[in-house]
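Given the structure is predicted, the values throughout are model-derived calculations rather than measurements.
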There are 2 protein chains.
Amino acid sequence: MSESEGPTRRVGRPRTAVLSHERILEAAFELADANGPEFSLASLARRLGVQPSALHHYFPTKAALIAAMRGQITLRLGTHGFDEQPWYEAILPWARASIEAFGRHPGLIAALATLPIDGEPESIADYERIVAALERDGYPSDLIVPALVALESFIIGSALDGLTPPDNLRPVHEPERSPALLRTEAAARAAASAAGITPAQRTFEFGLRALVAGLRAVGDAGAEPRTTDADAPASRGISG
Amino acid sequence: MSESEGPTRRVGRPRTAVLSHERILEAAFELADANGPEFSLASLARRLGVQPSALHHYFPTKAALIAAMRGQITLRLGTHGFDEQPWYEAILPWARASIEAFGRHPGLIAALATLPIDGEPESIADYERIVAALERDGYPSDLIVPALVALESFIIGSALDGLTPPDNLRPVHEPERSPALLRTEAAARAAASAAGITPAQRTFEFGLRALVAGLRAVGDAGAEPRTTDADAPASRGISG
DNA sequence: ACCTGAACACCGTTCAAGT
DNA sequence: ACCTGAACACCGTTCAAGT
């Protein structure tokens, strides 16, 4: 959109500002859409026709810019009717919109995943809506945030999985050494093809339903003191 | 371990080789263990007392080195008794060992996740063992690989989640605007603290059990032609 | 206040040259 | 074959200087 291939602006403050938070964010999304994991401030500056250092006047660090992008993405997710439907219904379109949004910006997924939420009003508001629905539906209080985070972890991991080639798990080098993998990978790829979607998309939809069903089962049994405790086994496996 | 802070080796082929695949991998794991997402060939070369370009003699690219590290990590995961136990039992310690391994190398998680499996014999062998167990237990053939990939996506996403601060979802800036999140996040953190684990660890264990339970439910209903089809809804949500 | 331009401390990778 | 050293094309960030 904004081409401006550098009429070599001279030094000093321009008469009218060339940049703004909005213009930078817009160009940043264009750059992130042009797929490939190459998202750098330098290439963003090139696209905007400015020097890289000019960007730091609006966003102090690269992480701050990405945090702002995350806020925009969250805004566009929409509400998905958590107020009208039970959480396990409304969460499905929310999850689909989330991975779709992540998939549109391949170069950002890893960065978005590790970014602290911190003071991000949009993400906080999004979480608040979902958490409130779980509370309203009687989900066990101390398992609401874990359920939400587990779901988001699955979404993030699936988004990264979507970056791998469609036949990523196909044993091409020594197929005779992994016959079961060869068989089942072909079956899964054929099923995805028949459905007109990628294997990664089919995997996501399948895993999403399984995870939500599992989370729901625990929540329904949530009135009693919880025999399906989530705490016990961790002491025998996971460390720091 | 290997200090060798550069007695300034002179040019030309050394009388006895200074590097080897094993020495490089060992140092690479030491570097990845020293937490922080800074894993570079330059810092690895510094640790080994060589020039960065020397590394390319053993691993053509950084991605090739990380692929080799992934192979080592997979080897150390162990077998976890998929031959003796049903898949939904053996998969639990396998998943715990996986996230523990990822958690030990924070700087590698994102790179490991996006790496194509390609010709990685160790990972292929690991998958083959798991897939074979699912087949043996009668899991629907075209859902075996999706089940495995969904689980691994959850593990990868959870590993990334483990990098965020423990109170990542706590609304500190405007707590009055998100009361439900404030309540439930505190409840979850308190429960984790009482169990002597981090919130991320408790979330992982909880989500793992929910996901496996959900995957198992679909598999048990797998004899019939599948009314719980994974294909239909994708046509109304997920795109390229 | 808002930009340029130089500078700093990094990256991964290639390749000629030396032994 | 196995390393050094120089070179190339990048990074993010800081900061003085100009308007």
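- Residues Leu41(B) and Leu65(B) meet the side-chain proximity criterion, which asks for heavy atoms closer than 4.5 Å.
- Evaluation of the salt bridge (charged side-chain N to carboxylate O under 4.0 Å, His left out) rule for Arg13(A) yields no partner, not counting sequence neighbours.
- The side chain of Arg46(A) lies closest to dC10(D), out of dC10(D), dT14(D), dG5(D).
- Checking dC3(C), dT13(D), dC11(D) against every side-chain atom of Ser40(A), the shortest atom distance belongs to dC11(D).
- For Lys62(A), the listed nucleotide lying nearest its side chain is dT13(D); candidates were dC11(C), dT13(D), dT4(C).
- Across all strands shown, Thr61(B) has heavy atoms under 4.0 Å from sugar-phosphate atoms exclusively, and none from any base.
- With dG12(D), dT4(C), dC3(C) as the choices, the nucleotide that has an atom nearest any side-chain atom of Ala42(A) turns out to be dG12(D).
- In this structure, Arg76(A) satisfies the cation-pi test against Phe29(A), with its NZ or CZ atom closer than 6.0 Å to the six-membered ring centre and inside 45 degrees of the ring normal.
- Using atom P as the reference point in both dA9(C) and dC10(D), the two lie 22 Å apart (nearest Å).
- Partner Tyr127(A) forms a side-chain contact (heavy atoms from CB on, under 4.5 Å) with one of Glu122(A), Glu152(A), Glu120(A) and no other, that one being Glu152(A).
- The distance between atom CG of Leu44(B) and atom P of dT13(C), rounded to the nearest whole Å, is 12 Å.
- Glu185(A) has its side chain within reach of Asp167(A): a pair of non-hydrogen atoms, C-beta onward, lies under 4.5 Å apart.
- Considering only side-chain N and O atoms, Ser53(B) lies nowhere under 4.0 angstrom from the phosphate OP1 or OP2 of dT4(D).
- Looking only at side-chain heavy atoms (C-beta outward), Leu148(B) and Ile144(B) stay at 4.5 Å or farther from each other.
- Nearest to the side-chain atoms of Ala17(A) among the listed nucleotides dT13(D), dC2(C), dT4(C) stands dC2(C).
- Counting only heavy atoms from C-beta outward, the side chains of Asp33(A) and Glu30(A) never approach each other to under 4.5 Å.
- As a whole-Å value, the separation of Ile24(B) CD1 from dC2(D) C1' is 11 Å.
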Would you sketch DNA chain C in dot-bracket for me? Only Watson-Crick or G-U wobble pairs with both distances under 3.5 Å count, crossing pairs as [ ], other-strand pairs as |, the rest as dots.
-> ||.|||||...|||||.||
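- Distance from the side chain of Leu41(B) is smallest to dG12(C) among dG12(C), dG12(D), dG5(D).
- Not one side-chain nitrogen or oxygen of His57(A) sits closer than 4.0 Å to the OP1 or OP2 atom of dC3(C).
- Remark: aromatic rings of Phe39(A) and His105(A) are distant, center separation not under 6.0 Å.
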For nucleotides 17-19 of chain C, print each protein N/O atom paired with a nucleotide N/O atom at under 3.5 Å, atom names and distance only.
| from | atom 1 | to | atom 2 | distance (Å) |
| --- | --- | --- | --- | --- |
| dG18(C) | N2 | Gly12(B) | O | 3.4 |
| dG18(C) | N2 | Arg13(B) | N | 2.4 |
| dG18(C) | N3 | Gly12(B) | N | 3.4 |
| dT19(C) | O2 | Arg13(B) | N | 3.1 |

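- Contact annotation for Tyr58(B): backbone-only contact, meaning every heavy-atom pair under 4.0 Å involves sugar-phosphate atoms and none involves a base.
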